[in-house]
Amino acid sequence: MIDIALIRNNKEFVKENIKRKFQDHKLPLVDKAYELDIEARKYITKASDLRGKKNALSKQIGALYAAKKVEEANEIKKQIALIDQELLDLEVEEENTKKALKEIMMKIPNIIDETVPIGKDDSQNVEIKKYGEPALKPFEVPYHVEIMEKLHGIDLDSARKVAGNGFYYLMGDIARLHSAIISYARDFMIDRGFTYVVPPFMIRSDVVTGVMSFEEMDAMMYKIENEDLYLIGTSEHSMIGKFIDTILDEKDLPYVYTSYSPCFRKEKGAHGIEERGVYRIHQFEKQEMIVVCKPEDSKMWFEKLYQNTVDLFRSLDIPVRTLECCSGDLADLKSKSIDVEAWSPRQQKYFEVGSCSNLTDAQARRLGIRVNGEKGKYFAHTLNNTVVAPPRMLIAFLENNLNEDGSVNIPMVLQPYMGNKTKIK
RNA sequence: GGAACAGUACUCAAGUGGUGAAGAGGUAUCCCUGCUAAGGAUAUAGGUUGGGUAACUGGCGCGUGGGUUCGAGUCCCACCUGUUCCGCCA
């Protein structure tokens with residue numbers, strides 16, 4: 001959500017931004033918002049005036065009753081009834097106009113960072129940098145489920161029977177590896193100064209509707225029956241929810257969190273769960289980073305955040321690359337976003353394992369996350385990034401650390417979390 | 001899950017339908033005193049959203065949302081949160 005003042009003062013700039021995102025169909029929204037804003041203020045002014053008059057008259061009634069002048073009081077009541085008549089329609093108009101304006105403002109995309117490459121869709125995303133050698137294995141790398149099965153580490157048949165497609169039993173060393181990676185990632189982030197948080201795994205509907213649109217909610221969120229609760233799709237939901245409608249003290253900034261949670265997703269829509277295995281699933285666990293900071297610091301934090309993910313994967317001997325989202329592929333709330341992709345020796349290509357986003361003040365404006373600072377109040381900047389999300393991450397881990405005999409190397413940093421084993425076999 | 005009570009400023013707290021939501025502590029600034037203690041004065045109801053070049057000014061705002069009323073912190077309903085008791089429980 002951008003600042004309405006931007007539309008009041010510089011419509012063309014907002015339109016230019018929309019064009020750069022190839023959303024020309026949204027161009028008329030800017031003029032519409034401009035007009036609705038004027039209209040809304042007209043109604044507000046009028047209705048406020050009337051309410052003021054009404055308040056003044058009401059006060060007289062009290063005095064008149066005290067003086068036992070009932071006749072005169074009734075006369076004023078009649079005047080108030082007339083004002084009420086007028087207010088009735090006006091308030092409906094005011095309400096509708098404000099609502100229409102807000103709906104449009106939600107659709108107008110955030111101003112993209114000037115460094116974002118211009119492109120229509122994900123095919124025009126730009127590789128920023130490769131880290132590590134995307135090496136091929138001198139033998140054929142099996143599908144990740146096969147690697148796991150060979151190590152007696154997964155039971156998808158039972159999971160389908162018990163919970164359905166999109167769930168899994170991880171077992172033995174693979175399950176332990178899963179936990180080890182989460183624990184390692186947690187400590188990795190704590191060592192870099194992040195505050196560790198375990199948030200609620202369910203949130204109320206008002207928080208849900210704050211952090212996402214109705215369409216997104218319908219496609220992602222599981223609802224608890226007969227409760228006003230939803231299972232979180234990512235800990236970002238409860239972590240950002242923590243800040244909704246709050247005024248933060250400038251001296252407490254930045255908030256630099258790393259949160260752990262299981263994540264639940266319906267995955268309804270475009271792709272669904274069509275792929276076998278643990279690539280796209282209804283339930284996974286994730287270590288996340290969240291930063292709430294001053295506007296002037298958000299770019300610096302953005303660089304730091306994705307670098308953390310890169311460093312973590314490199315410490316586990318997994319080659320990665322960073323891929324920048326082009327303007328057309330960037331979600332409307334984001335100002336800039338970089339995906340971290342891990343190398344798959346089997347597919348011989350990179351695949352997404354994390355996503356780092358700077359939402360500038362758009363999310364904060366939408367959720368009412370403000371800062372009380374020396375120079376007055378302003379909206380905070382918010383960022384988020386994946387540290388690591390297994391079991392998807394296990395795909396990259398297993399493929400890259402696989403030996404020809406089917407055993408899997410455990411990188412040094414992970415060994416303390418795996419009972420000092422150097423290998424799974 | 002059940003019952004009782006509560007929610008007003010940074011904290012405590014008065015306020016059972018009528019002008020401008022008391023008071024105390026705390027905090028800030030100032031005064032007094034050689035210093036300290038004590039004392040005195042002033043400011044502290046946030047916030048938000050309109051109008052106005054501005055000085056200024058209107059609306060909303062007493063946990064949240066509705067309702068009753070000319071008028072609600074105050075009455076009614078629902079919800080949220082907290083405390084205590086009971087029940088259940090890793």
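Here is the naming used below: chain letters follow the sequence lines, and residue numbers restart at 1 for every chain.
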**Student:** For a side-chain contact (heavy atoms from CB on, under 4.5 Å) check, start with the C-alpha distance between N17(A) and I2(A), then their side-chain angles and the critical distance, and finish with the verdict.
**Tutor:** CA-CA 11 Å; N17(A) 184 63; I2(A) 61 166; over 6 Å; no
**Student:** Write down the distance between CD1 (I61(A)) and C1' (G17(B)), rounded to a whole number of angstrom.
**Tutor:** 13 Å
**Student:** Taking atom P in both U74(B) and G61(B), what distance in whole Å separates the two?
**Tutor:** 11 Å
**Student:** For A37(B), give the paired nucleotide (Watson-Crick: N1-N3 plus N6-O4 or O6-N4; G-U: N1-O2 and O6-N3; both under 3.5 Å), or none.
**Tutor:** none
**Student:** Using a distance-only test with no angle check, is there a side-chain donor-acceptor pair under 3.5 angstrom linking N110(A) and S335(A)?
**Tutor:** no
**Student:** Whole angstrom is fine here: how far is it from CG in D206(A) over to P in U81(B)?
**Tutor:** 11 Å
**Student:** Return the value, rounded to whole Å, for the distance between atom CD of E95(A) and atom C1' of G66(B).
**Tutor:** 14 Å
**Student:** Using whole Å, report how far CG of D228(A) lies from C1' of U81(B).
**Tutor:** 15 Å
**Student:** Might you work through the side-chain hydrogen bond (donor to acceptor under 3.5 Å, both in side chains) test for D329(A) and N125(A), ending with a clear yes or no?
**Tutor:** CA-CA 8 Å; D329(A) 192 34; N125(A) 290 346; 3.1 Å; yes
**Student:** Exactly one of K425(A), K421(A), K423(A) should register a salt bridge (charged side-chain N to carboxylate O under 4.0 Å, His left out) with D173(A). Which one does?
**Tutor:** K421(A)
**Student:** Using the C1' atom in both, what is the distance from G17(B) to A72(B), to the nearest Å?
**Tutor:** 7 Å
**Student:** Measure from the side chain of R204(A), starting at C-beta and using heavy atoms only, and say which of U19(B), C80(B), G71(B) lies closest.
**Tutor:** C80(B)
**Student:** Both E227(A) and I80(A) contact RNA chain B. Which one's nearest nucleotide lies toward the 5' end?
**Tutor:** E227(A)
**Student:** Scan every strand shown for a Watson-Crick or G-U wobble partner of G71(B), both distances under 3.5 Å, and answer none if you come up empty.
**Tutor:** none
**Student:** Go ahead and name the base partner of C5(B); Watson-Crick or wobble counts if both distances stay under 3.5 Å, otherwise write none.
**Tutor:** G82(B)
**Student:** Please state the P separation for the pair U84(B) and C10(B) - nearest whole angstrom.
**Tutor:** 25 Å
**Student:** For the pair made of CG in L87(A) and C1' in G71(B), what is the distance, rounded to whole Å?
**Tutor:** 14 Å
**Student:** Would you kindly compare K77(A) and Q60(A) by the position of their nearest RNA chain B nucleotide and give the one closer to the 5′ end?
**Tutor:** Q60(A)
**Student:** Quick one: K69(A) NZ to C70(B) P, roughly how many Å, whole number?
**Tutor:** 21 Å
**Student:** Y255(A) vs Y257(A) aromatic rings, parallel, tilted or perpendicular, using cut-offs 30° and 60°?
**Tutor:** tilted
**Student:** Is the Lys NZ or Arg CZ of K11(A) less than 6.0 Å from the centre of Y34(A)'s six-membered ring, within 45° of the axis?
**Tutor:** yes
**Student:** When the C1' atoms of G58(B) and G2(B) are compared, how many Å lie between them, rounded to an integer?
**Tutor:** 48 Å
**Student:** For nucleotides 48-58 of chain B, read 5' to 3', which letter fits each nucleotide if B means a protein heavy atom sits under 4.0 Å from the base, S means only the sugar-phosphate is that close, and - means neither?
**Tutor:** S-SS------B
**Student:** With a 3.5 angstrom cut-off on both distances, give the Watson-Crick or G-U wobble partner of A24(B), or none if there isn't one.
**Tutor:** U11(B)
**Student:** If we take the C1' atom in both A21(B) and C60(B), what is their distance in whole Å?
**Tutor:** 16 Å
**Student:** Using whole Å, what does the distance between atom P of nucleotide G71(B) and atom CD of E75(A) come to?
**Tutor:** 17 Å
**Student:** Could you identify the nucleotide paired to C89(B), looking across every strand shown and requiring Watson-Crick or G-U wobble geometry with both distances under 3.5 Å?
**Tutor:** none
**Student:** Parallel, tilted or perpendicular: which describes the rings of Y417(A) and Y184(A), with under 30° parallel and over 60° perpendicular?
**Tutor:** perpendicular
**Student:** Roughly how many Å apart are A45(B) and C76(B), using the P atom of each and rounding to a whole number?
**Tutor:** 30 Å
**Student:** Suppose you measure atom P in U16(B) against the same atom in U81(B); what distance do you get, rounded to whole Å?
**Tutor:** 29 Å
**Student:** Using Watson-Crick or G-U wobble geometry with both distances below 3.5 Å, tell me the partner of U19(B), or none.
**Tutor:** none
**Student:** Show the numbers, then the answer: is there a side-chain contact (heavy atoms from CB on, under 4.5 Å) between R186(A) and Y196(A)?
**Tutor:** CA-CA 7 Å; R186(A) 174 200 64 213; Y196(A) 180 47; 3.5 Å; yes
**Student:** Rounded to the nearest angstrom, tell me the gap between atom NZ in K59(A) and atom P in C70(B).
**Tutor:** 18 Å
**Student:** One thing to verify: whether K15(A) and D31(A) come together as a salt bridge, which I'm taking to mean a side-chain N less than 4.0 angstrom from a carboxylate O.
**Tutor:** yes
**Student:** Applying the Watson-Crick and G-U wobble criteria at under 3.5 Å, what pairs with U48(B)? Answer none if nothing qualifies.
**Tutor:** G59(B)
**Student:** Please give the distance between the P atoms of A9(B) and G46(B) as a whole number of Å.
**Tutor:** 12 Å
**Student:** Any side-chain N or O of K78(A) under 4.0 Å from OP1/OP2 of C70(B)?
**Tutor:** no
